[in-house]
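What follows is a single structure, written as structure tokens, with notes after it.
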Protein chains: 4
Amino acid sequence: MNSQAGVDGAASISRVQRKRGRRIQEILTTAAELFGERGYDAVSLDDVAERLDVTKGSLYYYFASKDELAVAAIETLGANWTARLERLADTQGGSACDRLRALIREHMAIAVGEYPAALRLFLAPSTWPDDPRARIKELRRRHDRVFRGIVEEGVAAGEFTVTTVETTLQCMHAAMAQAPLWTAGLDVPECDECLDELTHTLMKLVASPAEN
Amino acid sequence: MNSQAGVDGAASISRVQRKRGRRIQEILTTAAELFGERGYDAVSLDDVAERLDVTKGSLYYYFASKDELAVAAIETLGANWTARLERLADTQGGSACDRLRALIREHMAIAVGEYPAALRLFLAPSTWPDDPRARIKELRRRHDRVFRGIVEEGVAAGEFTVTTVETTLQCMHAAMAQAPLWTAGLDVPECDECLDELTHTLMKLVASPAEN
Amino acid sequence: MNSQAGVDGAASISRVQRKRGRRIQEILTTAAELFGERGYDAVSLDDVAERLDVTKGSLYYYFASKDELAVAAIETLGANWTARLERLADTQGGSACDRLRALIREHMAIAVGEYPAALRLFLAPSTWPDDPRARIKELRRRHDRVFRGIVEEGVAAGEFTVTTVETTLQCMHAAMAQAPLWTAGLDVPECDECLDELTHTLMKLVASPAEN
Amino acid sequence: MNSQAGVDGAASISRVQRKRGRRIQEILTTAAELFGERGYDAVSLDDVAERLDVTKGSLYYYFASKDELAVAAIETLGANWTARLERLADTQGGSACDRLRALIREHMAIAVGEYPAALRLFLAPSTWPDDPRARIKELRRRHDRVFRGIVEEGVAAGEFTVTTVETTLQCMHAAMAQAPLWTAGLDVPECDECLDELTHTLMKLVASPAEN
DNA sequence: GATGAATGAGTTTTCATTCAT
DNA sequence: GATGAATGAAAACTCATTCAT
């Protein structure tokens, strides 16, 4: 019985904790959405609060400032995203070519399907305050590492021909970041086709040139 | 004396006009700079006024609102830019390949050298109010037309192989828009090399694939 | 067993009571400290709660409002303090001069040693809300009564020479209230010496003047 | 005529300047009044604005923050005050005793008559933010220097007997700072009498003791 | 008893805009 | 033409207070 009580205590603590965690996730998701849609400056905490149907004050219960909220939102969004890309890169077999194609496709699929607005995070980081900006850069670097690994491999294996790994990755990321804009308003099959075309186009960046 | 006075009057009016024009140009250049650096929201009219060393009130003498100033700034910047690209595309002979390469190179050179921050205008247009946003889109469309013309030509001539003209142009613009970010902080020769590499990389988007 | 239980119940109630009392004392001490350090406005209930390592909500379990907490804090602090001064004044024999000197010394010793910040309560009462302010005034009056008694006695006995009992007491209190500020940062012997000097200086307020 | 125009230009500039100066003085006076009456925390910029019959925004045209306004208010108030005390101390002849008495009387007269609420500046400085607090301390030090000079002189000349110059000055300032509180609500003759009594009482702090 | 969550009113601060001169 | 002054609406942030659990 005592031990039961102990378990009960622990359980209720963790239930509270879980509830808190869920609340925080709700807030972060909503915030990430809004920041993505309109950018940092154009989103007020009132906007975030209203979409969550709480008051501004409540947000300050969980986050000490707008910056902190933004950082946390970016962090969560990025953590999930990167993890999935890394898993994909690790588990997958096949040629560098197949793996890169899958990675590009997946990256855009996540962007378009789940974080339709996250591109703003990766573009124009200078409109963000210092702290969130630093997190965005870090996030970017982690995404980049996944792609860079495969590209370097492909080059080493003679599968890929690139001007420079650096510029190749830059162009690739720049284009992928815009995908959600280009697919905005399309229905699912159209969107899929668009992403396929984009993937195919981007693969040309590492293709070996024709002999003429 | 009268005629003299008349001439004087006309002369001084046109001198005044010219001075006014110069003043406006100064304002627009500075505004474009700032909007490019930080984005629409993060720039206050006080910022613009301070960098010009005039008062906020004076800006309202020339422009009726922040929006109007933004529109005008984008317009001027774009007019000059597009004109140069169009001239380049028109006057130039040679293969589609050579002409596209030159166009890409010139576009980035103008961006990096003369409007170091202006490409931010193209990146996340949804942070702009409706009116300036419309102008940005129009500007984009005009730039796009120049590139599209050559790409279509190259495809028709069998020089280029693309997945889709549309996606090819999208990827190209996305990457070119980031050039100023990537070259920031480089000295002139480094920057030139970087742009050459980028150009070379982007040309792969239209290259015919190797036979294997 | 029943009786045992009854005893237990009674015992545990009183144990609870005692615990409650102790809890309240902790809160009041901490609150008095903080209010003394920073004044009423600059102290938030979060500050109090944090220093006590409880939640704000808990404070409301014991006190209905910030005002009430402030009043109670002042009250407790004052009750003990006044009691000790009154006892000292009553039990002590000797000349009015000796007794006044001892009272001044003790008053400052309590202030400096036990309520290092509490004297700020007396300094600028108008920054406090009505209710706490009234208590502060009352507390002040009680302290004043103790001093006034001895001064009047000394004057009546011809031991003291004063311009006015009123102004003498005012100056005395004003100076004593600053003692904690002046001794802040001194070590014990230095502090003792400082208080001795202050006491000696203040005794001049009631001294008979030299004949010249 | 030309020279006249030149003068006109200069004149209108200085007229504008003077007007601006006067506006700032109005604001500072009002702010000093309010801060004195209620303390830093209890005064909102809305309060200041309302008493001046302008909007909050206007205050920010002249001062960058509440702190800056507070600092400026203290500064102006203090500059005038100190200057008058220093002039009094310098120009005046007579014994140290007469001069100290005059200084005490004048200090309190200024406090009571012109800055009825300034005492809050000198008491409990810890309720102020860092920057204003530093200015207050500096102001205090300047006042102290004037008094210290005369007291040291009087001691050197054998006119004064003190326990310690330091404690004597501390007690003196502590008491003088309270004068406005004690005289609050008195009419002019009563107030004068009260200040005379206070002055007389405070002079006892430097008096030579009776021989017994 | 105690806590975490939420609220709403109030405070500081920013800024596009207006206007008299 | 140009400026200084003023405004008002909105944003970020704070905090005493309430309440369900």
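To find a chain, count down the sequence lines: A is the first, B the second, and so on, and within it residues start at 1.
In this structure, the CD atom of B:Glu50 is 16 Å from the C1' atom of F:dG4, given to the nearest Å. Between the CD1 atom of A:Ile24 and the P atom of E:dG4 there is a distance of 13 Å, rounded to whole Å. Rounded to an integer number of Å, the gap from CD of A:Glu68 to C1' of F:dA12 is 14 Å. The CZ atom of A:Arg22 sits 17 Å away from the P atom of E:dG4 (whole-angstrom rounding). Distance A:Gln17 CD to E:dT3 C1': 12 Å, rounded to the nearest Å. When rounded to the nearest whole Å, the span between CG of D:Leu69 and P of E:dT13 equals 10 Å. Residue B:Phe63 contributes atom CZ, which lies 15 Å from atom P of E:dA16 at whole-angstrom precision.
For B:Ser58, the side-chain contact (heavy atoms from CB on, under 4.5 Å) partners two or more places apart in sequence, or in a different chain, are B:Val54, B:Thr55. Listed by chain and number, the residues in a salt bridge (Lys or Arg N to Asp or Glu O under 4.0 Å) with A:Glu138 are A:Arg141 (sequence neighbours excluded). With sequence neighbours left out, the side-chain hydrogen bond (donor to acceptor under 3.5 Å, both in side chains) criterion links D:Glu26 to D:Arg23. Legend: residues meeting side-chain hydrogen bond (donor to acceptor under 3.5 Å, both in side chains) with B:Tyr60, ordered by chain and number and at least two apart, are absent. Listed by chain and residue number, nothing satisfies the side-chain hydrogen bond (donor to acceptor under 3.5 Å, both in side chains) test with C:Gln25 (two or more places apart in sequence, or in another chain).
Between the CH2 atom in A:Trp128 and the NZ atom in A:Lys137 there is a gap of 14.0 Å [rounded to 0.5 Å].
Listed by first then second residue, pairs satisfying side chain to side chain donor-acceptor pair (under 3.5 Å) with a partner in residues 40-54 of chain B read B:Glu33-B:Arg51, B:Glu37-B:Arg51, B:Arg38-B:Asp47, B:Tyr40-B:Asp67, B:Ser44-B:Asp47, B:Asp46-B:Lys56, not counting sequence neighbours.
Taking the side chain as every heavy atom from C-beta outward, D:Leu69 and D:Tyr62 never approach each other to under 4.5 Å.
Taken together, the paired segments of DNA chain F that extend over three or more consecutive Watson-Crick or G-U pairs, each closer than 3.5 Å at both contacts, are E:2-21 with F:2-21.
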- Note on the structure: 5' to 3', nucleotides 5-12 of chain E under a 4.0 Å protein heavy-atom cut-off (B base, S sugar-phosphate only, - none) gives BSBB--SB
